[in-house]
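We're numbering straight along the sequence, starting at 1. For clarity, every value in this text was computed on a predicted model and none was experimentally measured. Both ligands and their constituent atoms are indexed starting at 1 by order of listing.
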Amino acid sequence: MTSGGGGHRGLVLEEALLFEQGSPGQSGVDLPDPAPVIDRLGGLERKGPIGLPCLSEPEVVRHYTRLSQKNFGIDTVFYPLGSCTMKHNPRLNEKVARLAGFADLHPFQPESTVQGALEVMGQIAQWLKTLTGMPAIALSPAAGAHGEFCGLMTIRAAHDHRGEPRRRILVPDSAHGTNPASAAACGFAVEAVPANGRGRVDLAALRAKLGGDVAALMLTNPNTCGLFEDEILEIAEAVHSAGAFFYCDGANYNAIVGRVRVADLGIDVMHINLHKTFSTPHGGGGPGAGPTVLSEALAPFAPLPWLVHGPAGWQLREHAGPDAPQTCGRIKGFHGQFGVLLRALAYMLSMGGDGLRQAAEDAVLNANYLLVSLQDALSAPFPGPCMHEALFDDRFLKETGVTTLDFAKALIDQGFHPMTMYFPLVVHGALLMEPTETESKRTLDQFIATVKALAAQARSGGEAAEIFKAAPLQTPRRRLDETQAARQPVLRWRPA
Ligand SMILES: *Cc1c(COP(=O)(O)O)cnc(C)c1O
């Protein structure tokens, strides 16, 4: 094995909570006694200590430093988690987002005092509209799934406005789980469209399902198999001739930025995951943003607020009424995840249009390098070339007793974050790898050598399967009971 995951093997401490480590009265700092409190809360003042743990400064520093070392993230390791676009996040973006003029803004400030921030929003809107060729955009969705919600609400409003409520949404069975979930959350019935043998939407099956009650097709392009939907123009044609809208899940936009204009594909609405394509640290549910571009037909139904430029400068239309008569309403407090918008704009301005296109091309090149290098050692369900992710299945593990899950866990011991497992569902035991443009050939070669060695080990028979079953062995925690964690989550610490 080439990478070796053991650099931090020793002295991995079981890290207790600060509340478990400290106890009241053991403070490492001397603070003056507080001045007597004047009760302005009508008897609501604190009756006793609130039970904060007391620790010395080195104890606190060590606690947080040790926790940070447990963080298995893009800043320390290769993180080929398919569908998530775990790319490098330039520090420049963080610097810009922390400028006091941006970071200290309050959403209730008068518009005249936040013209610079509104200009930032106007600029990012302009960039995204130009890149996609779409005429309108809603900036407020806070994530990809929220963008789906936004797009479906506008679609719903548009059909209702025409006086023909349609309540059925078609979703390919390779779709991300958020697609059917968002459709259901918006009150639509969801129907699956099968994939063909090439991992793309089965056009004939789609045509058969289209009818007067279909509100929209939700399609991901490039799709979750890492393949470009090469019949997308025929798909758009079919959807439109049934009077339905064409929703595109743009989470995989990183593969095509600057190469394809979304508008030219016949798409009516698409969300963009800024935290994937345009770099923002994400994972663990961290903040994202899912701006959603809209066609001319859907633009009047966009959610509030509407950012407009008038004689008095930038303005936000906050209310339904004569200024925004057909809006589908408000889907988020305030104006969206401003900090993420800001990071994305910093990324775009520093990359430039040509740089964004280059990033997309390099992401696709890296994925194809993985696919070609690994397709003999593993097994690939669809022949290449692929777009930005390389998809494998578990046929190479047949009769080894090793599963996709075991294989992924073994990769952790080798110092790599696992690829996405068991997604998309249309491929048995799927392993989905997304290297992004971030990675050098050297890193990819290390990863390839490690995966090949693991595959050979899995196939060697004998005790190999048991080693895989036991992995990971080098982590502070072994395999977790994920079912119990999901069914009986412990979300609050309670003193013993
Ligand atoms: C990430 C992703 C989503 C959901 O985006 P969030 O920002 O996590 O809500 C939807 N579809 C696809 C294909 C994705 O990869």
Side-chain angles (χ1 to χ4, degrees), residues 74 79-87 89 128 138-153 169 171-186 190 192-193 195 199-201 216-229 232 246-257 262 267 269-293 331-332 336-337 339-341 343-344 360 363 367 386-391 419-427 430-436:
I74 189 68
Y79 204 128
L81 193 66
S83 219
C84 294
T85 314
M86 304 302 289
K87 60 160 75 177
N89 297 289
L128 295 176
L139 291 177
S140 65
H146 201 203
E148 295 166 19
F149 183 82
C150 165
L152 291 169
M153 291 302 281
I169 297 271
V171 183
D173 52 15
S174 61
H176 195 272
T178 51
N179 289 192
S182 300
C186 292
V190 182
V193 185
R200 275 98 170 169
V201 165
L217 167 74
M218 290 182 93
L219 179 77
T220 309
N221 195 29
N223 70 23
T224 60
C225 299
L227 301 170
F228 193 82
E229 290 284 352
I232 192 159
F246 184 3
Y247 186 98
C248 184
D249 177 332
N252 294 336
Y253 190 44
N254 199 48
I256 56 170
V257 181
V262 170
I267 288 162
V269 44
M270 183 182 93
H271 77 259
I272 299 166
N273 300 57
L274 293 187
H275 47 293
K276 294 179 179 172
T277 308
F278 297 102
S279 90
T280 257
H282 65 289
T292 303
V293 288
I331 61 166
K332 165 104 182 69
Q337 308 276 43
V340 180
L341 303 182
R343 284 172 177 83
C386 60
M387 294 299 288
H388 61 307
E389 9 190 33
L391 178 60
M419 63 293 280
T420 287
M421 303 173 291
Y422 301 110
F423 175 81
L425 302 176
V426 289
V427 166
L431 302 109
L432 184 64
M433 304 177 186
E434 181 179 8
T436 82

Check ring-ring contact (aromatic ring centres under 6.0 Å, His included) between Tyr79 and all other residues, then give those that pass, not counting sequence neighbours.
His417
Backbone or side chain, does any N or O of His146 fall under 3.5 Å from an N or O of ligand 1?
no
Donor-acceptor under 3.5 Å (Tyr247 side chain, Glu148 main chain):
yes
Are the side chain of Asp173 and the backbone N or O of Ala192 linked by a donor-acceptor pair below 3.5 Å?
no
Could you see which bit of Ala143 sits under 4.0 Å from ligand 1, with heavy atoms only: side chain, backbone, both or neither?
both
Considering only the protein, which heavy-atom contact is closest to atom 9 (O) of ligand 1, and what is its distance?
Ala145 N, 2.8 Å
Is there any N or O on Ser83 that sits under 3.5 Å from an N or O of ligand 1?
yes
Just heavy atoms, cut-off under 4.0 Å: does Glu148 contact ligand 1 by side chain, backbone, both, or neither?
side chain
Between His282 and ligand 1, which residue portion shows a heavy-atom distance shorter than 4.0 Å: side chain, backbone, both, or neither?
neither
heavy-atom search around atom 11 (N) of ligand 1 in the protein gives Asp249 OD2, 2.6 Å
Is there a donor-acceptor pair under 3.5 Å between the side chain of His282 and the backbone N or O of His275?
yes
Which residue owns the protein heavy atom closest to atom 8 (O) of ligand 1, what's the atom, and how far is it?
His275 NE2, 4.4 Å
Between Glu229 and Leu219, is the side chain to side chain contact (heavy atoms under 4.5 Å, CB included) condition met? List the steps.
CA-CA 9 Å; Glu229 290 284 352; Leu219 179 77; 4.0 Å; yes
Among non-hydrogen protein atoms, atom 2 (C) of ligand 1 lies closest to Lys276 NZ, 2.5 Å
Looking only at protein heavy atoms, which one is nearest to atom 12 (C) of ligand 1, and what is the separation?
Ala251 CB, 3.3 Å
Atom 5 (O) of ligand 1 sits nearest the protein heavy atom Asn273 ND2, 3.0 Å
Can you name the residues that form a ring-ring contact (aromatic ring centres under 6.0 Å, His included) with His146, not counting sequence neighbours?
none
Counting N and O atoms only, with roles assigned by atom type, does the side chain of Thr420 sit under 3.5 Å from a partner on the main chain of Gly82, one being a donor and the other an acceptor?
yes
Side chain to side chain contact (heavy atoms under 4.5 Å, CB included) between Thr280 and Leu274: does it pass, once the steps are laid out?
CA-CA 7 Å; Thr280 257; Leu274 293 187; over 6 Å; no
Just need the protein heavy atom nearest to atom 6 (P) of ligand 1, so name the residue and atom and give the distance.
Gly144 N, 3.4 Å
